[in-house]
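Have a look at the structure below before the remarks.
In what follows, every chain begins at residue 1, and chains take the letters A, B, ... in the order their sequences are listed.
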There are 2 protein chains.
Amino acid sequence: MTNCEDVLVTSPKRRRDAAQTRQDLIDVARQRFAHDGYAATTVREIADQAGVNVALISRYFSSKEGLFEACLNGAFTDVRRGAEETSPGTEDFAARLARRLGDPASDDRMRTGLLLLIRTSGDERIDQMRGEFLRTMSEKMAAGAGHPVRAEGDLLRAQMLLAAIVGIVMLRNTAGMQPLGSAGADDLLEPVTDLVAALLPRV
Amino acid sequence: MTNCEDVLVTSPKRRRDAAQTRQDLIDVARQRFAHDGYAATTVREIADQAGVNVALISRYFSSKEGLFEACLNGAFTDVRRGAEETSPGTEDFAARLARRLGDPASDDRMRTGLLLLIRTSGDERIDQMRGEFLRTMSEKMAAGAGHPVRAEGDLLRAQMLLAAIVGIVMLRNTAGMQPLGSAGADDLLEPVTDLVAALLPRV
DNA sequence: TTGAGAAGTAAACGATTGCTGACTTATTAT
DNA sequence: ATAATAAGTCAGCAATCGTTTACTTCTCAA
């Protein structure tokens with residue numbers, strides 16, 4: 001839509017490397033799937049942007065859905081890792097969250113990973129995978145932020161915070177709403193702090 | 001995906017009524033577009049569910065994008081109306097917002113309207129329409145909730161609340177995350193109250 | 001150096017997409 | 001009752017989708 005230039009354009013001639021090509025395909029596909037959605041993304045677009053032939057997608061991932069599943073698994077790892085680095089319960093949780101949301105250069109993988117989490121392929125098994133991950137994710141969030149003995153609604157509040165984060169990333173990246181779309185980490189610090197404080201039980 | 005049974009199945013034989021058929025098509029299309037996205041929805045599905053022939057879509061809306069635009073305009077009105085009925089600044093804003101979010105029967109049009117707001121068709125003009133509407137919407141939100149003289153970041157906070165609402169609706173409806181997905185209005189009341197209080201300036 | 005297997009390409013396949021023009025059927029004014 | 005017109009259907013178009021098959025080209029061990 002906006003500036004989806006071929007970020008991953010490979011060097012004019014590169015040595016044949018199946019693992020590298022596979023990873024290139026995943027990287028390109030993740031961007032497109034996250035930004036445009038599953039159905040709107042074409043395997044030919046992905047292959048072209050990665051600089052390889054379309055047939056390799058079927059060869060390496062057996063289908064478009066297989067490629068999407070691979071992207072989703074990568075997104076799982078990225079989001080999980082990012083969430084562990086920025087764990088609730090620590091002192092400056094809100095500050096680091098604000099930096100992750102606002103700083104356009106830092107940790108773009110986690111943002112596209114978050115966007116991938118709300119994209120559907122139509123395959124029921126994949127949807128179930130995503131559901132499980134989302135639930136585990138929010139449980140960790142609630143556990144890391146709550147008291148040792150958790151209250152009843154803590155999980156609900158953690159899921160609402162997760163939903164808020166997803167919504168913010170989505171309105172920033174796909175809708176480009178201003179001024180939210182171009183707000184920096186420092187602009188986001190105060191409201192994000194209030195948001196976190198409101199939805200997560202005090203530590 | 002889940003239970004998309006033909007809600008709008010027309011009576012076995014109905015009198016020919018262009019206006020009614022047009023509206024049926026819009027109603028069906030809005031559901032599908034909001035739930036599955038633009039690209040994943042086919043015009044044949046829409047026509048079948050509405051009980052008419054595919055050609056009528058081209059006749060009444062000239063194209064699939066035209067139908068989507070009509071749906072989006074309808075969503076604008078619904079969301080705007082719903083936002084006016086549940087205006088911030090009033091005493092029980094959070095309570096009514098929680099009821100709108102949680103009560104599955106009440107005001108389904110506003111929820112699907114919200115989901116439509118984050119769906120893209122690829123058409124740049126439509127994206128611009130949506131952007132304008134979102135901006136106007138958040139401005140009204142900030143104006144209704146803020147002091148007469150608004151602070152600098154009020155608009156940003158209003159947009160973050162809007163993003164949070166969108167994220168909650170999305171995770172509830174498309175991802176079906178539990179327990180958020182099946183939380184009732186009373187379950188949502190407390191966290192929503194805290195959420196609103198955190199992001200909107202006190203009146 | 002060379003040949004066997006991997007890595008990548010080209011072209012086309014059946015299916016499906018959005019859309020259209022010719023057709024049929026129902027409604028209404030006279 | 002009947003012609004005129006609107007409402008709706010039908011069949012098929014051209015384009016594009018995901019996928020596959022047959023082929024070429026590169027790479028590296030023997």
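The side-chain tip of A/K64 does not point at the ring of A/F33 from less than 6.0 angstrom away and within 45° of straight on.
The side chain to side chain contact (heavy atoms under 4.5 Å, CB included) with B/R44 is formed by just one residue from the set B/V54, B/I57, B/N53; it is B/V54.
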Considering only nitrogen or oxygen atoms on both sides, find all protein atoms under 3.5 Å from nucleotides 16-22 of chain D and state each distance.
{"residue": "D/dC17", "atom": "OP1", "partner": "A/T42", "partner atom": "OG1", "Å": "3.1"}
{"residue": "D/dG18", "atom": "OP1", "partner": "A/T41", "partner atom": "O", "Å": "3.4"}
{"residue": "D/dG18", "atom": "OP1", "partner": "A/K64", "partner atom": "NZ", "Å": "2.9"}
{"residue": "D/dG18", "atom": "OP2", "partner": "A/V43", "partner atom": "N", "Å": "3.2"}
{"residue": "D/dG18", "atom": "N7", "partner": "A/R44", "partner atom": "NH1", "Å": "2.9"}
{"residue": "D/dG18", "atom": "O6", "partner": "A/R44", "partner atom": "NH2", "Å": "3.0"}
{"residue": "D/dT19", "atom": "OP2", "partner": "A/K64", "partner atom": "N", "Å": "2.7"}
{"residue": "D/dT19", "atom": "O4", "partner": "A/R44", "partner atom": "NH2", "Å": "3.3"}

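Distance check, rounded to the nearest 0.5 Å: CD1 of A/I126 to CD of A/E69 gives 4.5 Å. Atom OG1 of A/T41 is separated from atom CD of A/Q49 by 10.0 Å, given to the nearest 0.5 angstrom.
Residue-level contact check: B/Y60 touches the backbone only, with heavy atoms under 4.0 Å from sugar-phosphate atoms and none from bases.
Inter-residue side-chain proximity for B/E85 and B/R100 is flagged as met; some heavy-atom pair is nearer than 4.5 Å.
Per the geometry, CG belonging to B/L25 stands 10 Å off P belonging to D/dT9, to the nearest Å. Rounded to a whole Å, the CD1 atom of B/I46 is 8 Å from the P atom of C/dG18. In this structure, CG of A/D17 is placed 13 Å from C1' of D/dC26, rounded to the nearest angstrom. Distance, B/R16 CZ to C/dA26 C1': 4 Å, rounded to whole Å.
The phosphate of D/dC28 (OP1 or OP2) has a side-chain N or O of A/R15 nearer than 4.0 angstrom.
Partners of B/F76 by ring pair (Phe, Tyr, Trp, His ring centres under 6.0 Å), not counting sequence neighbours, listed by chain and number: B/F133.
Each end of the helix from C/dT1-D/dA30 to C/dT30-D/dA1 gets its own rotation axis from five pairs of C1' atoms, and the angle between them is 0° to the nearest 10 degrees.
Between A/E84 and A/R80 no salt bridge is recorded (no basic side-chain N to carboxylate O distance below 4.0 Å).
In terms of modelled atom types and a separation under 3.5 Å, the side chain of B/D17 and the main chain of B/Q20 share a donor-acceptor contact.
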